[in-house]
Amino acid sequence: MPHLVRAKISGMLPAGEEELIRVSTDLNQEGEFGTQWVIVTDKRLLIVPTTGLDSVVKVPIDELTLVQTEALVGGGRLNIERKDKPTIAVPYSNSLAEKFSEVTRGIEQLRKGGAFLINTQLDRTRCDKCGKLLPEKNGICPACIRRLATLQRIATYLKPYRKHALLLTAVSLIGMGTAVVPPMLTRQIVDGVLVPTGEHANEMSERLALLGLLVLGLIAIRVLNWGMEWAHGWTVSWLGARITADIRNRLYQQLELLSLQFYDRRQVGAVMSRVTRDAGRLQEFLVEGLPYLIINTLMLIGILSILFWMHWLLALLILIPIPFMLGWGVLFWKRMRLYFNKWDQAWSDIMATVNEALSGIRVVKAFAQEVREIATFGAQNKKIRQLAIRTETNWEIFFATTTLLTSFGMLIVWFFGGREVVADTLTIGTLLAFYAYMWMLYEPVEWFGEVNSWMTRAFAGAERIFEVIDTPAEAYRDPAARPISNIKGEVSFKNVTFGYDKSKPVLHEIDLDISAGEMIGLVGRSGVGKTTTVNLICRFYDVDQGTIEIDDLPIQKIRLEDLRSQIGIVPQEPFLFSGTVAENISYGKPGANFEEIMDAAIAANAHDFIVAKSDGYDTQVGERGSELSGGEKQRVAIARAILHDPKILILDEATSSVDVETEKQIQEAIARLTQGRTTFAIAHRLSTLRNADRLVILEGGRIVEIGTHNELLEKKGIFYELVQLQQQTSEIIAVKE
Ligand SMILES: Nc1ncnc2c1ncn2[C@@H]1O[C@H](COP(=O)(O)OP(=O)(O)OP(=O)(O)O)[C@@H](O)[C@H]1O
Ligand SMILES: [Mg+2]
C-alpha cells in the first residue's frame with residue numbers, strides 16, 4: 001500500500017475502529033487502469049482513490065441497504081446501495097472477481113450484524129505484485145522473486161558444509177589457474193625454443209634446456225589440473241548429494257506436518273514435483289551452477305587482463321564478435337525459455353493423464369473408454385514430439401550461428417595478428433597464445449545468455465520449496481499445549497461454526513455435550529456435515545467460531561499428539577498401506593505383539609477371513625489394499641482403530657460394505673468394546689445405530705433432533721421419516737423377492 005494512502009487512512013480512523021478488510025482495485029472510478037482502495041472497518045466502508053486523496057468516500061455500515069457484485073464484460077462492479085442516497089459502483093477487472101465476491105460476503109455479514117467470517121486465502125491465478133499470470137495456481141511469480149534474499153537463503157544450505165564449500169572454491173580457483181597458464185608456456189616454447197629471437201637466438205644448448213624446463217612445467221600443470229579435476233568432482237558429488245538429501249528431508253518433514261487444509265488446496269502431483277524436480281534444480285544450481293558462474297566470471301577477467309597485457313589492440317579486435325554472441329544468446333534463450341515452459345507443462349499434463357487413467361483403470365475399462373484415453377495420450381504425446389523437434393532444431397541453429405561468430409574472431413586473429421607477425425611487431429608465440437585464449441574467452445560467453453533464465457528457474461524452484469517450508473505446520477510442538485496421557489472422553493461442542501471455506505459454513509452453531517463412554521449416532525443426509533463433525537474432533541481442521549472441549553479443556557490446549565493417539569478412527573474410505581494385514585492392523589501401534597493384533601482382528605470380526613487366506617496375517621494387501629474386498633478392508637480398518645485402545649472411537653460408515661450378518665457380529669463386538677469409550681458412529685443404514693445412547697440428527701448443517709432411538713421414533717420428526725423411508729424400501733425389496 002502506498003505510503004501516502006496509508007497515512008491518509010490511519011489519520012481517518014479514530015481509536016477503537018478496527019480495520020477488517022483492505023483490498024485494492026485495478027481500475028479507477030472511470031474504469032481506466034488505476035487503483036482504488038476499499039477499506040472496511042467494523043463501523044464504516046471507505047473508498048480511497050490513490051490520486052486526489054481528498055475525495056475519500058465514507059459510508060457508515062448501518063447506512064448500507066445492500067452490497068452486491070455485478071458481472072460485466074471483462075470485469076465487474078461492486079455495487080454499494082445506500083438508504084436514500086445514490087448507489088456507489090466500484091469497478092474492477094475479471095482477475096479480481098473472486099476477491100470481490102469474498103469482500104461482498106464480508107460486508108454483508110457486517111451489515112446483517114452476524115459473525116464476520118471471510119476467506120482470506122483465495123486461490124491466486126495472478127501475481128499480487130505485477131499482475132502477471134502465474135505458472136501454476138497459488139504459485140510463485142518468476143518475475144517478482146527477490147533474488148538476493150533468495151540467494152542468501154539458498155546459501156544457508158551450504159552452511160553446515162562450510163569446509164567443503166571452501167574446499168570447492170579453492171579447488172576450482174586452482175583448477176582455473178591450471179587452465180590459464182599452459183598457453184603462456186607454449187608461447188615460451190615457440191618464442192624461446194622453436195623460433196627464438198633476440199639474444200638466445202643461436203645457443204642451442206640453452207634452447208634445449210629451456211624446452212626441457214617448459215615441458216616439465218607443462219607436465220606439472222597437467223598433473224595438478226588432473227588432481228584438481230578429481231578433487232572438484234569429488235567435492236561436487238559429496239556436497240551435491242548431501243545438500244539435496246537435506247533439502248528433500250526438510251521438505252518431506254514439512255509435508256508430513258502440514259495441515260489437511262494445505263492439501264485441500266493443492267494437487268498432490270504438484271506437491272510431489274516440489275520434492276523431486278525443484279529440489280533437484282536447487283541442488284544443481286548450488287553445487288554446479290553457482291561455482292561455474294563465479295569461476296567463469298573470474299576466468300573472463302583473468303584472460304582479458306592477459307590479452308590486454310600482451311597486445312591491447314588485438315585484444316580489442318577479438319572482442320568484436322562478443323556483443324553479437326551475447327545478443328544472439330539472449331534472443332535464443334528467450335525463445336528457448338518459452339519452449340522449456342511449454343515442455344514442462346506438456347510433461348506434467350501427460351503425467352497427470354497417465355496417472356489418472358492408470359489409477360482409474362477399472363473405471364476406464366468398465367465404460368470401455370480405452371480408445372479415448374489412448375487418443376488423449378496420443379494428442380499430448382504429439383505435442384511433446386513437436387516441442388522436442390523444435391527445441392532440437394533450435395539448438396542446432398544456435399550452435400551453428402555461434403560457431404560462425406567465433407570463427408570471425410579466429411579470422412581476426414589470423415588476419416591482424418598475422419600482419420603484425422610479418423611486420424615483426426608480434427611474435428609467433430604470442431599469436432598462438434592469443435589464439436588459445438580466444439577460445440577460452442568465447443566458450444563461457446556462449447552460455448552467458450542462458451544464465452538469466454537458468455537462475456530464474458532455479459530461484460523459482462527454491463521459492464516453491466521455501467513456500468512449503470514456511471507454511472505453518474500443525475502445532476505438534478505447541479509449548480502452551482498440555483500433555484494429557486489419559487483423557488476421559490467427554491466431548492462438548494460449544495456454539496461451533498465451521499466451513500472448509502470460511503465464508504461458506506458447513507456446520508452452524510453446533511451445541512452438543514457428550515459424556516464419557518457415551519455412544520452417539522450421527523444421522524443426516526449425504527453432505528450434511530457428519531464427516532466434518534468428526535474431522536473437527538480429531539482437530540484435522542480448527543473451528544472458525546466457538547470451541548470444542550475435551551474433558552473441559554479446549555481442544556487447542558491439548559497436545560495434538562496426545563489427542564490423536566487417544567482417538568481411533570475408521571474413516572469413510574479406509575486406506576490401507578501396501579504390506580501385510582498384520583502390519584496394517586498395527587499401523588497405529590508399531591510395536592504391538594501378535595496376540596494384541598489377533599484380539600483386535602477378532603473384535604473387528606476380521607480374524608476368520610484373515611486365517612482363511614493362505615498366508616493368514618502375513619497376507620499382502622496390495623497397493624492401497626487392492627487385494628482385499630471392500631468389506632474386508634473395512635474390517636482391517638476397524639481392527640486398526642481398535643488396537644491402540646482409543647478413548648474416543650469414531651466409526652464413519654465403518655460397516656457400510658459388509659453384509660447384514662457380519663454387521664451384526666461387528667456391532668456386538670463393538671458394543672462390548674465401546675464400554676468405557678466415547679463412540680461416534682455414522683451410518684446411513686439406520687438399524688446400525690440401534691445401540692447408540694443418543695442419536696444426533698443433522699440437517700442443513702444444524703442439529704435438529706437429539707434423543708434416544710425410541711424417543712425420536714415417538715417424536716415422529718425427521719428421524720422417524722427417515723426410518724419409515726428405509727423400511728418402505730426394504731419392504732418393497734422383500735415383496736419383489
Ligand atoms: N476437504 C473439503 N474441502 C471443501 N469442502 C468439503 C471438504 N470435505 C467436505 N466438503 C463439503 O462439506 C460438506 C459436508 O461434507 P461431509 O463430508 O461432512 O458430509 P457427510 O455428512 O459426511 O456426507 P456423506 O454422508 O456423504 O459422507 C459437503 O458439502 C462437502 O462438499
Ligand atoms: Mg461422510
Side-chain angles (χ1 to χ4, degrees), residues 485-489 516-519 534 538 561-683 685 688-692:
S485 54
N486 225 331
I487 62 173
K488 281 184 296 190
E518 206 176 358
M519 176 170 176
V534 298
C538 299
E561 203 182 333
D562 289 348
L563 174 75
R564 295 207 183 138
S565 66
Q566 291 179 70
I567 295 179
I569 182 164
V570 182
Q572 192 161 11
E573 288 148 15
F575 185 99
L576 302 188
F577 295 94
S578 47
T580 66
V581 171
E583 280 164 5
N584 267 291
I585 294 178
S586 63
Y587 184 77
K589 193 178 175 187
N593 61 34
F594 186 68
E595 212 146 68
E596 289 174 293
I597 293 175
M598 208 168 70
D599 285 345
I602 292 172
N605 209 351
H607 180 73
D608 290 342
F609 95 77
I610 296 172
V611 290
K613 304 228 174 232
S614 54
D615 290 333
Y617 280 84
D618 292 328
T619 307
Q620 293 287 336
V621 301
E623 199 183 349
R624 294 180 210 163
S626 60
E627 284 165 32
L628 298 184
S629 80
E632 288 171 344
K633 245 191 289 189
Q634 276 192 334
R635 279 176 279 168
V636 172
I638 295 175
R640 175 169 67 189
I642 289 171
L643 177 65
H644 74 176
D645 194 19
K647 274 289 178 299
I648 298 175
L649 184 65
I650 294 170
L651 306 163
D652 192 350
E653 293 284 348
T655 50
S656 60
S657 307
V658 298
D659 58 283
V660 181
E661 178 59 32
T662 315
E663 181 177 15
K664 221 171 123 205
Q665 289 168 1
I666 298 177
Q667 262 178 32
E668 284 161 13
I670 287 177
R672 258 177 281 127
L673 273 165
T674 48
Q675 315 243 308
R677 271 176 241 275
T678 311
T679 309
F680 291 84
I682 299 173
R685 217 190 279 164
T688 313
L689 302 174
R690 209 165 283 147
N691 297 339

Evaluate the side-chain proximity of [Y] to [X]: yes if any heavy-atom separation is below 4.5 Å, no if none is.
X      : Y      : answer
Glu663 : Thr688 : yes
Thr662 : Arg635 : yes
Asn486 : Lys647 : yes

Would you give me the side-chain donor-acceptor pairs under 3.5 Å for residues 625-633, sequence neighbours excluded?
from   : atom 1 : to     : atom 2 : distance (Å)
Ser626 : OG     : Glu623 : O      : 3.1
Ser629 : OG     : Glu632 : N      : 3.2
Glu632 : OE1    : Ser629 : N      : 2.9

Specify the closest pair of heavy atoms between [X] and [Y], including all atoms of both residues, with the distance to one decimal.
X      : Y      : result
Leu643 : Ile585 : CD2-O, 3.5 Å
Val621 : Ser578 : CG2-CA, 4.3 Å
Thr655 : Arg685 : O-NH2, 4.1 Å
Ala601 : Ile610 : CB-CD1, 4.1 Å

In residues 586-598, what donor-acceptor pairs under 3.5 Å come from side-chain atoms, sequence neighbours left out?
from   : atom 1 : to     : atom 2 : distance (Å)
Ser586 : OG     : Ala582 : O      : 3.1
Ser586 : OG     : Glu583 : O      : 3.4
Lys589 : NZ     : Glu596 : OE2    : 2.6
Asn593 : OD1    : Glu595 : N      : 3.3
Asn593 : OD1    : Glu596 : N      : 3.0
Glu596 : OE1    : Asn593 : N      : 2.9

When rounded to the nearest 0.5 angstrom, what is the spacing between [atom1] in [X] and [atom2] in [Y]?
X      : Y      : atom1 : atom2 : answer
Thr679 : Met519 : OG1   : CE    : 6.0 Å
Thr678 : Ile648 : OG1   : CD1   : 5.5 Å
Ile642 : Leu649 : CD1   : CG    : 6.5 Å

Identify, with sequence neighbours excluded, every residue that meets ring-ring contact (aromatic ring centres under 6.0 Å, His included) alongside His607.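 With neighbours one apart ignored, the set is Tyr617.
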Restricting to salt bridge (Lys or Arg N to Asp or Glu O under 4.0 Å), what partner residues turn up for Asp618, sequence neighbours left out?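 None.
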For residues 636-645, pull every pair meeting side-chain hydrogen bond (donor to acceptor under 3.5 Å, both in side chains), keeping only residues two or more places apart or in separate chains.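 Listed once each, the pairs are Asp645-Arg677.
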For residues 561-570, tabulate all N or O donor-acceptor pairs below 3.5 Å that involve a side-chain atom, not counting sequence neighbours.
from   : atom 1 : to     : atom 2 : distance (Å)
Asp562 : OD2    : Ile484 : N      : 2.7
Arg564 : NE     : Cys538 : O      : 2.9
Arg564 : NH1    : Glu474 : OE1    : 3.3
Arg564 : NH1    : Tyr476 : OH     : 3.4
Arg564 : NH2    : Glu474 : OE2    : 2.8
Arg564 : NH2    : Arg539 : O      : 2.8
Ser565 : OG     : Glu561 : O      : 3.0
Ser565 : OG     : Asp562 : O      : 3.2
Gln566 : OE1    : Ile487 : N      : 2.9
Gln566 : NE2    : Ile484 : O      : 2.9
Gln566 : NE2    : Ser485 : O      : 3.4
Gln566 : NE2    : Asp562 : O      : 3.3

